[in-house]
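Fair warning: this is a prediction, and the values are worked out from it, not measured in the lab.
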Amino acid sequence: MEWWVSMPKLELHAHLNGSIRNSTILELGRELGEKGIIVFSDVEHVILKSDRSLPEVFKLFDLIHVLTTDHETVTRITKEVVEDFAAENVVYLELRTTPKRNDSKGMSKRSYMEAVLEGLRAVSTVEVDIFRDSEVECHANAHTLYDTKNGTQRKKIYVRLLLSIDRRETTEAAMETVKLALEMRHLGVVGIDLSGNPVIGEWQTFLPVLEFAKEQGLSITLHCGEVPNPKEIHAMLDFLPARIGHACCLGEEEWRKLKSSKIPVEICLTSNIKTETISSVDVHHFADLYNSKHPIVLCTDDTGVFSTSSSREYILASSAFGIHKREMFQLARNAIDFIFADDGVKRELEVMFDLAAGRLEF
Ligand code: 6MZ
């Protein structure tokens, strides 16, 4: 385990509210129970359950969202989630979250995002790089991070944000999210994600909004093929997003289309297996994509909901598919090409990986 933790990793598919520590969720649940807002004993077993079907996962998210409705809690969970990924030696995190409006808490989509940014500023265990505007400054930064003489490294994590559109939303609400993303670009927002319960909502609702986002230069990632839906999967691949998540339920034709498109796939092994989207790890499409050198990146999806971590996902892939440490390291490094941050950050990450390659024993 220690080796896998010490290997630098990139996390490109992590939902904020799915990545909350279990201890925090239970604490928030108890507090709301004491205030009489929920009955804690009714929700405790829902939180602690380990395997959940996909519909059950979305019920859990509805519960989690009840527990995380105020600004202070959003700030707290953001801080904790970033610190947890940094402790796993994730050096670049693209954290995604759905901006939420909640009138009873005086929360707008914007103030929700401000609470997220506050959480990034509150991180104390690691230096957080949220945004810089000059590449010159980036490179200077890269060098001050390492003491090359003794190979030690001051801990640093790059964090960029993706704003998620929930498939339950209307075109107008989705457009509000995209406009917010555009306004917050100077604060580290780099893209848009389409997620939420895959059996709800229509692709056509989001297409004009996503086209607008793309035209404006935001990078797009789509949850694609979490359930069988050939028409939608074709339409999504035709849209040419910068990346897709999951790609579990593709028929032969969609599979061919994906392979020829070279669209990078965010793979979430534990999530797919626990939700039974894929029946077992040995039949997971990771193997086919990996063997055919299709661009892929290993991700966690929801570390809290699925009790996993970045290191665990790498260990699982290595043991299930018989891939050695050096190749796993290369797999992690390859993901630098698929990040939504600028080339300056990519170069810095390459430096980080090169230094780690000299330090790690393979
Ligand atoms: C689709 C998912 C998901 O945005 O409130 N989400 N959407 N498939 C998944 N696979 C299991 N896991 C999480 O984080 C929680 C939200 O992320 C999306 C859902 O919309 C969920 O409500 P935020 O921070």
Side-chain angles (χ1 to χ4, degrees), residues 1-22 50-52 54 57 81-96 157-159 162 193 195 221 223-226 243-248 264-291 294-339 349 352-353 356 360 362:
M1 186 73 182
E2 209 178 301
W3 189 91
W4 296 97
V5 171
S6 69
M7 185 183 96
K9 293 169 284 294
L10 275 57
E11 172 57 76
L12 305 188
H13 187 133
H15 298 269
L16 173 61
N17 276 276
S19 306
I20 309 173
R21 295 175 188 163
N22 250 351
S50 110
D51 288 357
R52 299 179 180 88
L54 206 52
V57 163
V81 166
V82 172
E83 289 183 347
D84 290 350
F85 277 115
E88 277 276 306
N89 220 6
V90 166
V91 291
Y92 176 90
L93 166 65
E94 257 168 42
L95 187 61
R96 56 185 78 190
I157 186 168
Y158 294 86
V159 181
L162 306 182
D193 155 57
S195 54
T221 176
H223 280 59
C224 175
E226 240 184 327
R243 298 195 306 254
I244 59 170
H246 299 296
C248 298
V265 181
E266 303 150 1
I267 299 274
C268 309
L269 295 172
T270 301
S271 160
N272 296 158
I273 292 152
K274 287 206 170 174
T275 56
E276 292 175 354
T277 311
I278 301 288
S279 58
S280 72
V281 71
D282 35 294
V283 297
H284 197 283
H285 49 292
F286 171 94
D288 185 347
L289 292 173
Y290 181 77
N291 291 332
H294 189 91
I296 46 175
V297 51
L298 278 181
C299 302
T300 54
D301 206 6
D302 300 290
T303 51
V305 169
F306 300 119
S307 306
T308 189
S309 67
S310 301
S311 305
R312 286 205 191 106
E313 294 304 302
Y314 275 83
I315 293 173
L316 178 58
S318 167
S319 63
F321 306 109
I323 308 172
H324 294 125
K325 285 176 177 167
R326 190 176 287 282
E327 284 73 43
M328 292 304 293
F329 177 86
Q330 191 56 44
L331 181 70
R333 194 186 195 281
N334 291 347
I336 296 174
D337 281 344
F338 326 138
I339 68 170
L349 291 170
M352 280 179 158
F353 272 80
L360 288 167
F362 291 100

TODO: Provide the closest heavy-atom pair for Asp302 versus Ser19 in the form atom of the first, atom of the second, distance.
DONE: CA-OG, 4.3 Å
TODO: Could you check if a side-chain atom of Thr221 sits within less than 4.5 angstrom of a side-chain atom of Leu12, using non-hydrogen atoms only?
DONE: no
Task: Ring-ring centroid check Phe321 Tyr290, cutoff 6.0 Å - done: no
- [ ] Only counting residues at least two apart or in another chain, list the ones meeting side chain to side chain donor-acceptor pair (under 3.5 Å) with Ser318.
- [x] none
TODO: Decide yes or no for Leu95 and Leu162: does some side-chain heavy atom of the first lie under 4.5 Å from some side-chain heavy atom of the second?
DONE: no
Open item on the list: Any carboxylate oxygen within less than 4.0 angstrom of a Lys/Arg side-chain nitrogen, looking at Arg243 and Glu94?
Closed with: yes
Task: Counterpart residues, side chain to side chain donor-acceptor pair (under 3.5 Å), relative to Asn17 (two or more places apart) - done: Thr68, Tyr112
Task: Cys299 and Val297: CA distance, side-chain angles, deciding distance, side-chain contact (heavy atoms from CB on, under 4.5 Å) verdict - done: CA-CA 6 Å; Cys299 302; Val297 51; 4.0 Å; yes
Task: Separation between OG of Ser310 and CD of Glu88, rounded to the nearest 0.5 Å - done: 5.0 Å
Task: Distance (rounded to the nearest 0.5 Å) between Tyr92 OH and Ile339 CD1 - done: 4.0 Å
Task: From Asn22 atom CG to Ser307 atom OG, the distance as rounded to the nearest 0.5 Å - done: 5.5 Å
Task: Partners passing side chain to side chain donor-acceptor pair (under 3.5 Å) against His223 (at least two apart in sequence or in another chain) - done: His13, His15, Asp193
Below 3.5 Å, can you tabulate the donor-acceptor pairs from side chains in residues 278-286 to any protein atom, sequence neighbours excluded?
residue: Ser280; atom: OG; partner: Asp282; partner atom: OD1; Å: 3.2
residue: Ser280; atom: OG; partner: Asp282; partner atom: OD2; Å: 3.4
residue: His284; atom: ND1; partner: Phe286; partner atom: N; Å: 2.9
residue: His284; atom: NE2; partner: Asn272; partner atom: OD1; Å: 2.9
residue: His285; atom: NE2; partner: His246; partner atom: O; Å: 2.7
residue: His285; atom: NE2; partner: Ala247; partner atom: O; Å: 3.1

TODO: Look only at the side chain of Arg21 and the backbone of Asp84, and say whether a donor-acceptor pair between them is shorter than 3.5 Å.
DONE: no
Open item on the list: I'd like to know if the side chain of Thr277 pairs up with that of Glu226 as donor and acceptor (distance under 3.5 Å, no hydrogens or angles considered).
Closed with: no
Open item on the list: On a heavy-atom basis, which atom in Cys268 and which in Glu313 lie closest, and how many Å separate them?
Closed with: C-OE1, 4.3 Å
Open item on the list: Test: side chain to side chain donor-acceptor pair (under 3.5 Å). Region: residues 321-335. Which pairs qualify, not counting sequence neighbours?
Closed with: Gln330-Asn334, Arg333-Asp354
Open item on the list: Side chains of Leu331 and Ile323, heavy atoms from C-beta outward: is any pair under 4.5 Å?
Closed with: no
Task: Straight-line distance of Phe306 CZ to Lys274 NZ, nearest 0.5 Å - done: 8.0 Å
Open item on the list: Counting C-beta onward and ignoring hydrogens, is there a side-chain heavy-atom pair between Phe362 and Leu360 closer than 4.5 Å?
Closed with: yes
- [ ] With the side chain counted from C-beta on, respond yes when Trp4 and Met328 share a heavy-atom pair under 4.5 Å apart, and no when they do not.
- [x] yes
Open item on the list: Checking Thr270 against Thr300 for the side-chain contact (heavy atoms from CB on, under 4.5 Å) test, could you report, in this order, the C-alpha distance in whole Å, the side-chain angles of both residues, the deciding distance, and whether it holds?
Closed with: CA-CA 7 Å; Thr270 301; Thr300 54; over 6 Å; no
TODO: Given salt bridge (charged side-chain N to carboxylate O under 4.0 Å, His left out), test Arg96 with Glu266 step by step and report yes or no.
DONE: CA-CA 13 Å; Arg96 56 185 78 190; Glu266 303 150 1; 3.1 Å; yes
Task: Those residues that, when tested against Arg312, pass side chain to side chain contact (heavy atoms under 4.5 Å, CB included) (two or more places apart) - done: Met1, Thr308, Ser309
TODO: Under the side-chain contact (heavy atoms from CB on, under 4.5 Å) rule, what do Met7 and Asn89 come out as? Steps first, then yes or no, please.
DONE: CA-CA 7 Å; Met7 185 183 96; Asn89 220 6; over 6 Å; no
Task: Closest contact, heavy atoms only, Leu93 versus Ala14 - done: CD1-CB, 4.3 Å
- [ ] Indicate yes or no: at least one non-hydrogen side-chain atom of Ser311 is less than 4.5 angstrom from one of Lys9.
- [x] yes
Task: Shortest non-hydrogen contact between Met352 and Val91, atoms and distance - done: SD-CB, 3.8 Å
